[in-house]
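Report on one structure; see the data block that follows.
Atoms considered below: every heavy atom in the structure, side chains included; atoms not considered: hydrogens, waters and symmetry mates.
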Amino acid sequence: MRRMLCIIPPDYEEDNDMYQYELKNGEFHDELLLNYCYSNQLEYNDITSCVINNYVYVSSFGSLYICFIPIKLGDEQEYKLLSFFKQEYCLNKNLEIKFGIITKDSIIKSENKITNYEDLKNYLITNKIGGNVKC
């Protein structure tokens with residue numbers, strides 16, 4: 001079972017390259033997030049704090065992808081997120097994406113089952129999460 005971690009920094013960060021990593025046996029998503037935060041000298045080091053501070057967090061367990069995003073994505077973030085899932089969809093046609101939008105006050109869980117790239121683009125447009133969908 002393939003397990004991935006993807007972190008997309010906000011557009012305004014100086015080093016805003018997308019971080020992608022395929023976990024090996026014995027590695028855990030939360031440990032990798034903690035290492036990412038320490039290596040990038042971030043004050044926060046958990047999913048909620050990262051997303052409140054405009055980072056995108058995606059973890060996968062086989063074909064299930066859990067994606068936490070801020071209420072508003074930057075244009076580059078949106079492009080990188082769509083590119084990530086386009087790549088993943090090519091590797092696994094059976095993927096299922098579950099979303100959570102994290103704000104300072106709440107976590108909004110998506111009831112939609114997103115199973116393909118077009119559904120993802122439509123979800124971002126419909127919920128006005130991103131700017132202009134470019135992919």
Side-chain angles (χ1 to χ4, degrees):
M1 175 172 58
R2 186 167 180 255
R3 299 178 303 138
M4 290 288 299
L5 175 64
C6 176
I7 300 170
I8 305 171
D11 292 355
Y12 54 79
E13 286 293 328
E14 193 171 303
D15 180 16
N16 68 354
D17 293 336
M18 178 170 60
Y19 172 80
Q20 273 184 234
Y21 185 81
E22 185 170 348
L23 282 73
K24 299 171 183 64
N25 285 338
E27 293 182 318
F28 300 96
H29 291 94
D30 56 347
E31 289 175 0
L32 291 171
L33 174 62
L34 189 62
N35 289 339
Y36 174 86
C37 292
Y38 285 146
S39 67
N40 287 285
Q41 301 174 341
L42 302 177
E43 299 173 8
Y44 32 84
N45 55 24
D46 61 89
I47 296 169
T48 304
S49 297
C50 284
V51 177
I52 287 172
N53 285 284
N54 297 314
Y55 283 74
V56 173
Y57 174 91
V58 182
S59 61
S60 76
F61 307 89
S63 62
L64 175 62
Y65 291 76
I66 309 297
C67 183
F68 291 103
I69 58 178
I71 195 74
K72 178 74 172 134
L73 291 175
D75 289 341
E76 285 183 50
Q77 276 183 310
E78 180 182 0
Y79 177 80
K80 290 172 186 174
L81 181 63
L82 288 169
S83 296
F84 171 77
F85 279 115
K86 190 175 200 177
Q87 166 192 314
E88 292 301 298
Y89 184 69
C90 289
L91 298 173
N92 182 0
K93 300 286 186 209
N94 297 317
L95 67 83
E96 177 182 343
I97 307 167
K98 300 228 175 183
F99 269 98
I101 301 169
I102 299 179
T103 69
K104 290 181 181 177
D105 302 319
S106 65
I107 297 176
I108 305 160
K109 293 181 183 175
S110 168
E111 299 302 321
N112 299 0
K113 179 180 175 182
I114 299 171
T115 57
N116 63 54
Y117 180 73
E118 288 303 316
D119 286 349
L120 174 61
K121 280 175 46 176
N122 291 335
Y123 176 81
L124 293 175
I125 292 168
T126 302
N127 291 288
K128 297 183 176 92
I129 292 167
N132 300 316
V133 178
K134 300 175 193 171
C135 280

[X] side-chain N/O to [Y] backbone N/O, donor-acceptor pair under 3.5 Å:
X     : Y     : answer
Ser49 : Asn45 : no
Asp46 : Thr48 : yes
Arg3  : Lys24 : yes

I'd like to check Tyr12 versus Asn54 (side-chain heavy atoms, cut-off strictly below 4.5 Å). Are they in contact?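 A side-chain contact under 4.5 Å exists here.
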Can you find a pair of side-chain heavy atoms, one from Ile102 and one from Tyr57, that are under 4.5 Å apart?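 With C-beta onward as the side chain, the pair stays apart.
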Considering only distance and modelled atom types, tabulate donor-acceptor pairs under 3.5 Å from the side chains of residues 61-68, sequence neighbours left out.
unit_1 : atom_1 : unit_2 : atom_2 : d
Tyr65  : OH     : Glu88  : OE1    : 2.6

How long is the gap from [atom1] on [X] to [atom2] on [Y], to the nearest 0.5 Å?
X     : Y      : atom1 : atom2 : result
Ile97 : Leu81  : CD1   : CG    : 8.0 Å
Lys72 : Ile101 : NZ    : CD1   : 12.0 Å
Tyr55 : Ile7   : OH    : CD1   : 9.0 Å
Ile52 : Ile47  : CD1   : CD1   : 12.0 Å
Ile8  : Tyr79  : CD1   : OH    : 12.0 Å
Glu43 : Cys50  : CD    : SG    : 11.0 Å

Without placing hydrogens or testing angles, list every side-chain donor-acceptor pair under 3.5 Å for residues 28-36, not counting sequence neighbours.
unit_1 : atom_1 : unit_2 : atom_2 : d
His29  : NE2    : Met4   : O      : 3.0
His29  : NE2    : Ser60  : O      : 3.3
Asn35  : ND2    : Glu31  : O      : 3.4

So which heavy atom on Phe85 is nearest to which on Leu95, and how close?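 Heavy-atom minimum between the residues: O-CD2, 4.4 Å.
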Please tabulate, for side-chain N and O atoms in residues 13-20, each donor-acceptor pair with protein atoms closer than 3.5 Å (sequence neighbours left out).
unit_1 : atom_1 : unit_2 : atom_2 : d
Asn16  : ND2    : Asp11  : O      : 3.1
Asn16  : ND2    : Glu76  : OE1    : 3.2

